[in-house]
Amino acid sequence: MTSSATDQQPAPAARESSLIPVGVLGARGRMGTEVVKAVNDAEDLELVAMVDDGEWLFNVADAGAQVVVDFTRPDVVMDNIRFCIDNNIHCVVGTTGFDEARLATVAEWLEPKPELGVVIAPNFGIGAILLMRFAQEAARFFPSVEVVELHHPNKVDAPSGTAVRTARLVAAARRAAGLPPAPDATTDALPGARGADVEGVPVHAVRLTGLVAHQEVLLGAAGESLTIRHDSFDRASFMPGVLLAVREIGRRPGLTVGIEGFLGL
Ligand SMILES: NC(=O)C1=CN([C@@H]2O[C@H](COP(=O)(O)OP(=O)(O)OC[C@H]3O[C@@H](n4cnc5c(N)ncnc54)[C@H](OP(=O)(O)O)[C@@H]3O)[C@@H](O)[C@H]2O)C=CC1
Ligand SMILES: O=C(O)C1=N[C@H](C(=O)O)C[C@H](O)C1
């Protein structure tokens with residue numbers, strides 16, 4: 001089955017212009033819908049292909065996409081990236097589910113294609129990126145730290161990719177500062193009561209109707225606590241970061257994790 005941007009197809013003349021041709025994978029999903037809208041609204045981008053589950057992936061290559069944006073599912077995203085690299089298409093990936101092994105595999109796939117760029121970011125929201133940076137900065141000053149992420153109940157993965165990355169960054173900052181494990185006297189607990197252990201940082205996942213994407217980092221020291229919180233109330237919050245990545249990726253060969261560097265952070 002083939003799907004293209006037919007109903008939103010620009011005039012053929014536009015194809016010969018300097019617009020960046022963009023394909024969207026997961027185009028009819030919650031994020032994909034928003035990306036399609038944002039690309040259509042951007043004067044320097046051209047939506048050339050939309051692909052969803054069960055549809056013909058070659059459509060993005062046939063349509064001449066220079067950049068593909070992937071918001072699909074953790075179980076299919078690796079195949080999509082492989083396809084893009086094989087077809088010399090830059091990739092902007094928002095789909096979650098990346099561990100060190102997956103990142104290493106993508107970096108390996110890119111080796112024979114030194115001109116090609118793939119950016120994989122668990123969160124394109126500027127506020128969420130700043131939260132991660134602030135948490136990293138604060139981590140060394142507090143003996144205790146826990147992460148709580150709160151999302152809509154349709155999310156398939158837990159904890160969120162952002163929460164896992166946040167916990168890893170915080171854990172690295174704690175290690176660099178020589179902090180011991182956070183104090184915790186728990187010896188008797190129901191399974192899951194203390195959350196998932198991400199490199200020694202407890203991560204708790206809440207799924208609640210009405211929510212979109214939210215995260216708190218709780219830091220505690222004697223007599224005080226610091227809570228850093230970010231809320232995405234609308235998926236529009238991710239679009240400035242996605243569009244920045246689409247515009248930048250052609251100039252950023254190799255694998256980039258997170259868009260902090262694109263923001264000058
Ligand atoms: N990095 C960031 O800033 C953000 C990342 N995310 C992440 O993005 C991902 C998608 O989230 P969300 O949009 O809410 O999920 P949705 O389930 O709403 O969308 C996923 C879409 O991908 C489609 N799909 C499934 N398999 C394929 C395939 N092989 N090829 C093409 N399309 C496919 C699905 O089709 P069908 O429904 O028919 O299966 C669906 O339309 C998640 O991993 C989420 O965590 C979300 C928000 C922000
Ligand atoms: O599924 C979502 O909605 C989101 N997924 C990403 C994640 O897992 O971190 C980003 C954001 O939290 C929204």
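Atom set for the values below is all heavy atoms of this structure, side chains included, hydrogens, waters and symmetry mates excluded. The residues of the chain are indexed from 1 along the displayed sequence. Every number for a ligand or one of its atoms is a count from 1 in the order of the listing.
For ligand 1, one of its N or O atoms has an N or O atom of G29 under 3.5 Å away. For ligand 1, the polar-atom distance check against G125 finds no nitrogen or oxygen pair separated by under 3.5 Å. At a 3.5 angstrom cut-off on N or O pairs, K155 counts as close to ligand 1. By the 3.5 Å distance cut-off applied to N or O atoms, D53 is counted among the residues near ligand 1. Among the atoms of H152, none of the N or O lies under 3.5 angstrom from an N or O of ligand 1. Residue T96 places at least one N or O, backbone or side chain, under 3.5 Å from an N or O of ligand 1. In terms of polar-atom proximity, P74 is not counted as a contact of ligand 1, lacking any N or O under 3.5 Å from an N or O of the ligand. Considering backbone and side-chain atoms together, R235 places no N or O closer than 3.5 Å to any N or O of ligand 1. Looking at F238 next to ligand 1, no N or O pair under 3.5 Å apart turns up. Annotation: G32 places no N or O atom under 3.5 Å from an N or O atom of ligand 1; distance criterion only.
With a heavy-atom cut-off of 4.0 Å, A128 does not touch ligand 1 at all. The proximity of D52 to ligand 1, defined as any non-hydrogen pair under 4.0 Å, involves the side chain as well as the backbone. Contacts of R73 with ligand 1, taken as heavy-atom pairs under 4.0 Å, involve the side chain alone.
The nearest pair of heavy atoms linking S232 to V212 is O-CB, 3.1 Å. Between P74 and T95, the shortest heavy-atom distance links the atoms N-CG2, 3.6 Å. Of all the heavy atoms in P180 and R174, the pair that sits closest is O-NH2, 2.9 Å. For the pair E43 and L19, the tightest heavy-atom approach, listed with the atom from each and the gap, is O-CD2, 3.1 Å. The heavy-atom pair separating L110 from G254 by the smallest distance is CD1-C, 3.5 Å.
Residues that satisfy the side-chain hydrogen bond (donor to acceptor under 3.5 Å, both in side chains) test with R82, not counting sequence neighbours, are D86.
Residue A121 places a heavy atom less than 4.0 Å from ligand 1.
Remark: among candidates F83, F71, W56, F124, the nearest residue to atom 4 (C) of ligand 1 is F71, based on non-hydrogen atoms. The option from R28, R30, M239 that lies nearest to atom 14 (O) of ligand 1, judged by heavy atoms, is R30.
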(request) Assess whether side-chain contact (heavy atoms from CB on, under 4.5 Å) is satisfied between M239 and V35, documenting all intermediate values. (result) CA-CA 7 Å; M239 293 308 118; V35 173; 3.9 Å; yes

(message) As a quick check of understanding, evaluate side-chain contact (heavy atoms from CB on, under 4.5 Å) for V77 and V93, giving each step before the final call.
(response) CA-CA 8 Å; V77 64; V93 180; 3.6 Å; yes

(request) Check the pair R207, E149 against side-chain contact (heavy atoms from CB on, under 4.5 Å), reporting the backbone distance first and the verdict last. (result) CA-CA 9 Å; R207 296 292 174 264; E149 57 93 329; 2.6 Å; yes

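Given atom 2 (C) of ligand 1, the protein heavy atom at minimum distance is P122 O, 3.4 Å. Among protein heavy atoms, atom 9 (C) of ligand 1 sits closest to T72 O, 3.5 Å. Taking atom 5 (C) of ligand 1 as the reference point, the nearest protein heavy-atom neighbour is G94 O, 3.0 Å.
Here CD1 of I85 is found 6.5 Å from CH2 of W109. Values are rounded to the nearest 0.5 Å. A distance of 10.0 Å separates CD in E146 from CG in L219, rounded to the nearest 0.5 Å. To the nearest 0.5 Å, the span separating CG on N87 from CD1 on I89 amounts to 5.0 Å. From D52, atom CG reaches atom CG of N59 across 11.5 Å, with rounding to the nearest 0.5 Å.
Panel note: side chain S237, backbone G125; no donor-acceptor pair is recorded below 3.5 Å.
The ligand atoms of ligand 1 that sit less than 4.0 angstrom from a heavy atom of V76 are 26 (N), 27 (C), 28 (C), 29 (N). The atoms of ligand 1 that sit less than 4.0 Å from any heavy atom of M31 are 13 (O), 46 (C), 47 (C), 48 (C).
In this structure, atom 26 (N) of ligand 1 has a protein heavy-atom contact shorter than 4.0 Å.
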Kindly print each ligand 2 N/O atom paired with any protein N/O atom under 3.5 angstrom away, one pair per line, or none if nothing qualifies.
{"from": "ligand 2", "atom 1": "1 (O)", "to": "K155", "atom 2": "NZ", "distance (Å)": "2.9"}
{"from": "ligand 2", "atom 1": "3 (O)", "to": "H152", "atom 2": "NE2", "distance (Å)": "2.9"}
{"from": "ligand 2", "atom 1": "5 (N)", "to": "K155", "atom 2": "NZ", "distance (Å)": "3.1"}
{"from": "ligand 2", "atom 1": "8 (O)", "to": "K155", "atom 2": "NZ", "distance (Å)": "2.7"}
{"from": "ligand 2", "atom 1": "8 (O)", "to": "G161", "atom 2": "N", "distance (Å)": "2.8"}
{"from": "ligand 2", "atom 1": "9 (O)", "to": "G161", "atom 2": "N", "distance (Å)": "3.2"}
{"from": "ligand 2", "atom 1": "9 (O)", "to": "T162", "atom 2": "N", "distance (Å)": "2.7"}
{"from": "ligand 2", "atom 1": "9 (O)", "to": "T162", "atom 2": "OG1", "distance (Å)": "2.5"}
{"from": "ligand 2", "atom 1": "12 (O)", "to": "H151", "atom 2": "NE2", "distance (Å)": "2.6"}

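Under the 3.5 Å distance criterion, with hydrogens and angles disregarded, no donor-acceptor pair is assigned to the side chains of T162 and Q215.
Taking a cutoff of 4.0 Å between a charged side-chain nitrogen and a carboxylate oxygen, R28 and E55 qualify as a salt bridge.
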